[in-house]
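Data first, discussion second: the structure below is written as C-alpha cells.
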Amino acid sequence: MSITEIPRQYDSVQVEERWYQHWMQKGYFRSVPDDREPFTIVIPPPNVTGVLHMGHILNNTIQDILVRRARMQGKNALWVPGTDHASIATEAKVVQKLRAAGIKKGDLSREEFLQHAWDWKENYGGIILEQLKKLGASCDWSRTRFTMEPTMSEAVIDVFVDLYRKGMIYRGLRMINWDPEARTALSNEEVIYRDVSDKLYYVRYPIKDQQDYVVVATTRPETIMGDVAVCFHPDDPRYSGLKGKKLIVPMTGREVPVIFDTYIDMSFGSGALKVTPAHDINDYEIGKRHQLEVIDVFNEDGTMSEAAGLWVGEDRMLVRKKAAAKLAELDLLEKVEDLMHSVGFSERTDAVVEPRLSLQWFLAMDKLATPALEAVMNDEVRLIPSKFKNTYKHWMENIREWCISRQLWWGQRIPAWYYGPGEEDYVVAKNEEEALEEARKKTGKSGLSLAELQQDPDVLDTWASSWLWPISVFDGFSDPRGRDINYYYPTQVLVTAPEILFFWVARMIMAGLEYRGEVPFRDVYLTGIVRDKQRRKMSKSLGNSPDPLEIIAEYGADGMRVGMLISSSAGNDILFDIKQCEQGRNFANKIWNAFRLVKGWEIRPGNNPDNQAAVLWFENKLKRSVSELEQQLNDFRISEALKQLYSFVWDDFCSWYLEFIKPAAGQPIDEATHGASIRFFEVLLKLLHPFMPFITEEIWHYLLPRAEGEDLTIAPWPSQHSWDDSTIEKGEAAKDIIGKVRELRNARQLGFKEALPLYVQAESLKDYEAFSPIITKMGKISEFKAVQEEQPGALGFISGTTRFFLISQESADPAAERERINAEMGRLQGFLLSVEKKLSNERFVSNAAADIVERERQKQADAQEKLRLLEQQLASLN
RNA sequence: GGGUAAUUAGCUCAGUUGGUUCAGAGCACCGCCUUGACAGGGCGGGGGUCACUGGUUCGAAUCCAGUAUUACCCACCA
C-alpha cells in the first residue's frame, strides 16, 4: 500500500459503523459459561425513558474498557445489558403523552393504560441501547433484559412473598412522602430537599372568651384548617398562663386546646406551633402523644379536601396566598417575614412533596442492612474510591424502613389480595390461585370465590426489581442452581454513579446476601458526576448536556471516549469540555498518521545497525510501559492509565522512536527495523484497544495481513516481561543531547537547515556510539566526535556529566553565554547546597534509608562534577 | 445540625509509600517551522510561595491540628 492511498485524516464515521457490525456478526461479545475464568459486569440498567447523556457515556466507557481488557486477557468476558422499567418516571411520561393526545389517565382502565405503557416501552425503550452501540459498548446483546419481563417480575413477586412470610414486609399506616403530581407515595430516597425562600406568616389565634390572642408563626397558612391544637414549650414563661385555655382557629372558628411539648423551639417564630397532624411528621408525632385528632385538609392531588371546608378543590399553593389574604382581611395577620428553609421535592416530578398519612407496604431494613454493612466494611465488596465507605456506613447504620408501595399502575403489582374490609382481611401469595387457597384457609370459607378477592391496586417501587438485577439477569430466582447464575455470579465489577449508592448498590448487596448468600460484586467503581463548565450537573431538563451522538459524529466514538476519560479519576466530578473530545480525536489522528508513516515505507532487506539502539531502547521501554499500565488498570486508575498510554504513544513512540528510525526522504527502511516497528505498533494497538476500540481494530487489519477472524477485539493482551533499565537510560541520554542541541539552535536562532559539528569532551565516543547515527540525524550534526581540548567560541552544554560543544560559524555571544552559564551554575549551587545540608545533617544520615542517603551522595557528586564542568566552560570563554 | 471531600500554572486536573530539580499534564499563551506521517502537526519557550497558620519529621504539595472558601451526602426547624 502506498501512503498516498491512505487518507491524511482519519475518518471515524465509516470505520466505526463497519467494525461494530463485524464484531456483532462474529458474536465476539457473546458469552456462555465454559472452563475459563469469568469476568462479568451487569450494566446499571438505564431507564426506558432515558436517552443517552454524558453520564451514561462516562459510565459505559469505563465498563467497556474493563470488559474489553478482560476479554483480551482470555477471560470469559460478559457484559449484560438491559433496561429498567422506571415505574414512576415512565408512568409520568405516558400520562404526559396521553394528555397531549387529549386522553386522561382517569378515563382509562388499568389494562388500557398498561397497553399504552407497553406500546411506549416498545417504541422508545430500546433507543438508549442502540445508542450505546454507537459508543462501541461490547455488551452481549442476546442477553438484553428488562426489569418487567415475566421472569424478572416473577422474581420480584417471589421475593415479596418470601419477605412477607419472614415478617420483613408488612402493611402499615404511616406518615409517608406523597407526590401530589404523580399521586403516589415515595420512599425517603426519592425526596430531594432544596433550600427555597419562603414567607413566614405570623397569625393571630384569638383566645376563647378573652379579648386577647396568641401569635403563631407558620409557613403554611393553607393548613390552618387542619389545626387541632396550638403547642408551646412547657418552660416558656410567656405562655404559662394559657394552660387549660382554648384558642379559636382563624377562618374556621373551631376551638382547639392549648398543649405543651418539649419538642417546641422557644426561639423560633413566636415560640408557638400550630399542630396539624395530617400534614407534618413532627405534628403527627405530637398529635399521637397528646391524643389529637387528625384532619386531612388535602386531597391526593394536593387540592383542598371537603374536610378543609374552605376553597375546596383548589390547589394548596394557590390557597396559601388566598388564606394569607383572608387572614389580612380579618386583621389576623400580624406580620410576614422572609424565611429560607428546605422543602422536599419529588425526584421524578419535581412536585413539592407532602407528608401524608396513608396505608402503605414497608420493608424492614435492619436485618438486611447488618450483613450488607459488614460486607463493605471488611472489603468483601470494595468501594472505589474507598472514601465512600464512611458515607455507606453512616447510611446503613441509620437505615429506616423502606416504603415499597406506589399508587401507580406501571410496575409489579403487589401480590396481596383482600377479601374483606378489615385491616387484616388479606392474604399475600404468588398468584390468584394460591391467594384463593390461602384466603379460604384463613377465613375457613371453602366457598370463597375469586370474584370476592380484590388484588391490591398498587405496584412496587422500581428499586424493588432493580435490587435483584445481578441475580435476576441470570435467572437466579427461577433457576437458582442454573449454570449461568453459578458461573457468572458474583460479578466482578459494578460501575455506577455515587448518587445511587443507597438507592441501588446497598440494596443489591442486601439482596445478594439474602438470596445467594454471597455479595453480588467484588468491586464497585463509583464515577463522578458529569458537569458543565458552570459546574451544573448535566441534565436533559437543564438542556446543558450535549447530544453524545452528535459528538460521536464529529469526533468519533474513540475520540469521545478518550475525551471523557482523560481527566476523570474515580469518584471525582468531571467538568466536561468539548475540547477534551477534540484532544481525543487528535490523538486518533496521530495514531492514524503514525500508521501511515510505518505503512508507507519502502522496505529493503537486511538490518541497518544504525537503528539497533533505538529498537532496543523502545523495546525495553515498551515492556516497562506494559507493566505500568497493567498496574494502573488493576488499581482502577483508569484515567491515569490512559494518560500514561497517551503520552507513551505520542511522545515516546511518535516523537522519538519513529523519528529515530525514520529514513531520509524517499529512502527505504531495513527489514529488521521495520519488522520490529510493526511488532511495537501491534502491542500499542492492543494496549489502546480497550480505550479506542474502533481505530485500533481498523489499523490492526491494515498493519499486517490477517486471517479470517484474527481480530484485535479477541487478540491476546500483551504479556508482561522484564526490561533493562540501563538500556532505557541510554536512549534517554540521547534524547537529552538531541533536546539540548535543539534548544541551542532555537535560542541562537541557528535554524535547523545547516548541519553543525558536535564534539564530546571525552576520551572516546564509546558511550555514545550506539546512538551516534541517531544523534547525528536528529540534531542535524555534520560531524560527531570526541575531543579532549576546549573549543573556544563553541556553544557548550552539559548532558549528564559530560560537556558537549556545538560548533557554529555564528560567533557565539560571550556575554550571553556567560549569563546562561552563570544562571545554570546558580541553580546548581543552590541544589548542591540543599543536598549538602542534608548530608551534613547527622540525623538524616542516620535516620534515612540507606538507599536514600546513597542517592543523595550520588546527587552531590553529579552536581559537583557539573559545576566543575561549567567552571571550565566559563573559563574557556575568557 | 452531622458527615465526606476538595483548594496545585490563566482554565481543567494528575501527583500512589513523605525522599532525585518534584512542583507535572492537557488546553490556552509566546517564538520559530508551508520539514515527504500528521497544521487535527513539529521544535523550543514563558507561567505556580502547592488556600492560610501552626505542628510532627533529618526531610512535607504529601502526615497531624486549626482557619478560610467551595462542593457533595445525610438529617431537618414550625
Side-chain angles (χ1 to χ4, degrees), chain A residues 3-4 6 8-10 188 193 200 216-220 231 263-265 268-276 280-283 339 341-342 344 385 387-391 393-395 398 498-499 501-502 529 533 535 555 559 566-569 571-577 579-580 582-583 585-601 631-632 635 637 639-640 643 646-647 654-655 658-659 662 664-666 739 742-747 749 751-753 827-828 830-831 834-835 837-838 841-849 851-853 855-856 858-859 862-863:
Chain A
I3 196 161
T4 49
I6 312 172
R8 292 158 73 94
Q9 288 193 352
Y10 171 66
N188 297 327
Y193 288 92
L200 183 62
V216 177
T218 179
T219 53
R220 308 204 57 188
C231 189
Y263 167 77
I264 302 301
D265 174 2
F268 188 91
S270 60
L273 172 74
K274 65 186 212 53
V275 183
T276 323
D280 185 281
I281 179 70
N282 295 304
D283 290 20
L339 179 75
H341 68 149
S342 81
K387 68 180 179 188
F388 287 107
K389 266 170 99 166
N390 288 324
T391 331
K393 179 162 183 269
H394 184 257
W395 191 77
N398 294 285
E499 351 170 50
L501 187 58
F502 307 128
I529 294 167
K533 281 188 203 158
R535 293 195 175 272
Y555 299 98
I566 200 87
S567 69
S568 61
S569 48
N572 288 341
D573 288 358
I574 66 169
L575 265 64
F576 180 77
D577 187 344
K579 280 263 177 200
Q580 287 174 354
E582 196 181 323
Q583 191 188 346
R585 180 200 59 183
N586 293 352
F587 183 43
N589 199 48
K590 186 74 184 176
I591 298 167
W592 182 249
N593 276 287
F595 155 67
R596 285 182 72 222
L597 176 70
V598 170
K599 205 56 200 171
W601 280 325
Q631 193 55 51
Q632 306 267 31
D635 294 346
R637 303 166 64 84
S639 176
E640 276 294 298
K643 274 195 258 194
Y646 175 97
S647 105
C654 295
S655 296
L658 290 179
E659 294 296 336
K662 191 158 117 184
R742 285 169 170 172
E743 200 181 322
L744 270 181
R745 282 181 180 267
N746 238 313
Q749 297 176 315
F752 288 86
K753 293 244 167 75
R827 265 186 20 213
L828 261 178
F831 174 57
S834 78
V835 172
K837 200 173 131 198
K838 264 188 222 177
N841 184 335
E842 216 165 286
R843 284 195 286 179
F844 169 72
V845 180
S846 53
N847 289 341
D851 58 324
I852 301 285
V853 178
R855 224 184 282 168
E856 290 297 317
Q858 190 59 48
K859 273 154 57 177
D862 276 7

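Lettering follows sequence order; numbering is per chain, from 1.
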Rounding to an integer number of Å, can you tell me how far [X] [atom1] sits from [N] [atom2]?
| X | N | atom1 | atom2 | answer |
| --- | --- | --- | --- | --- |
| A/Gln749 | B/rG44 | CD | C1' | 12 Å |
| A/Glu659 | B/rG42 | CD | C1' | 8 Å |
| A/Arg585 | B/rG26 | CZ | P | 17 Å |
| A/Ile591 | B/rG41 | CD1 | P | 13 Å |
| A/Lys590 | B/rC38 | NZ | C1' | 6 Å |
| A/Lys643 | B/rG24 | NZ | C1' | 10 Å |
| A/Lys859 | B/rU20 | NZ | C1' | 4 Å |
| A/Leu597 | B/rA37 | CG | C1' | 5 Å |

Nearest-0.5 Å distance, [atom1] of residue [X] to [atom2] of residue [Y]:
| X | Y | atom1 | atom2 | value |
| --- | --- | --- | --- | --- |
| A/Asp280 | A/Thr218 | CG | OG1 | 9.5 Å |
| A/Gln749 | A/Leu744 | CD | CG | 12.5 Å |
| A/Cys231 | A/Lys274 | SG | NZ | 12.5 Å |

Nearest to the side chain of [X], which nucleotide is it out of [options]?
| X | options | result |
| --- | --- | --- |
| A/Lys662 | B/rA78, B/rG44, B/rA37 | B/rA37 |
| A/Asn746 | B/rG19, B/rG44, B/rC74 | B/rG44 |
| A/Cys654 | B/rU20, B/rA78, B/rA37 | B/rA37 |
| A/Glu743 | B/rG44, B/rC73, B/rG19 | B/rG44 |
| A/Asn593 | B/rG41, B/rA37, B/rA28 | B/rA37 |
| A/Arg855 | B/rC58, B/rC38, B/rU20 | B/rU20 |
| A/Asn841 | B/rA78, B/rC58, B/rU12 | B/rC58 |
| A/Phe502 | B/rC73, B/rG19, B/rC43 | B/rC73 |
| A/Phe831 | B/rU16, B/rA37, B/rU20 | B/rU20 |

Short side-chain N/O contact to [N] OP1/OP2 from [X], under 4.0 Å:
| X | N | value |
| --- | --- | --- |
| A/Arg843 | B/rC58 | yes |
| A/Lys579 | B/rU12 | no |
| A/Arg8 | B/rA39 | yes |
| A/Asn847 | B/rC58 | yes |
| A/Lys753 | B/rU35 | no |
| A/His341 | B/rA78 | yes |
| A/Arg637 | B/rG15 | yes |

Report yes if the side chains of [X] and [Y] come closer than 4.5 Å at any heavy-atom pair, otherwise no.
| X | Y | value |
| --- | --- | --- |
| A/Phe752 | A/Arg742 | yes |
| A/Ile591 | A/Tyr10 | no |
| A/Ile566 | A/Phe587 | no |
| A/Glu743 | A/Asn746 | no |
| A/Phe831 | A/Asp862 | no |

Runs of at least three consecutive Watson-Crick or G-U pairs, both distances under 3.5 Å, are what I'm after; which ones involve RNA chain B?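 Runs of three or more consecutive pairs: B:1-7 with B:68-74, B:10-13 with B:24-27, B:29-33 with B:41-45, B:51-55 with B:63-67.
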For B/rC52 versus B/rU69, give the span between their C1' atoms, rounded off to a whole number of Å.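 Per the computed distance, 11 Å lies between those C1' atoms.
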Considering only atom C1', compute the distance from B/rG15 to B/rC63 and round it to an integer number of Å.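 These two C1' atoms come out 16 Å apart once rounded.
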Sugar-phosphate, base or nothing in reach of A/Asn572, heavy atoms under 4.0 Å: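 Result for A/Asn572 = sugar-phosphate.
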Categorize A/Leu575 for me: base, sugar-phosphate, or nothing, with a 4.0 angstrom heavy-atom threshold over every strand shown.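 Counting heavy atoms under 4.0 Å across all strands, the contact made by A/Leu575 is with sugar-phosphate only.
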Parallel, tilted or perpendicular: which describes the rings of A/Phe502 and A/Trp395, with under 30° parallel and over 60° perpendicular?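 Rings of A/Phe502 and A/Trp395: parallel, as their planes differ by under 30°.
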Quick check: on RNA chain B, is the nucleotide nearest A/Ile566 upstream (toward 5') of the one nearest A/Leu273, or the reverse? Name the residue that is more 5'.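 It is A/Ile566 whose nearest nucleotide is closer to the 5' end.
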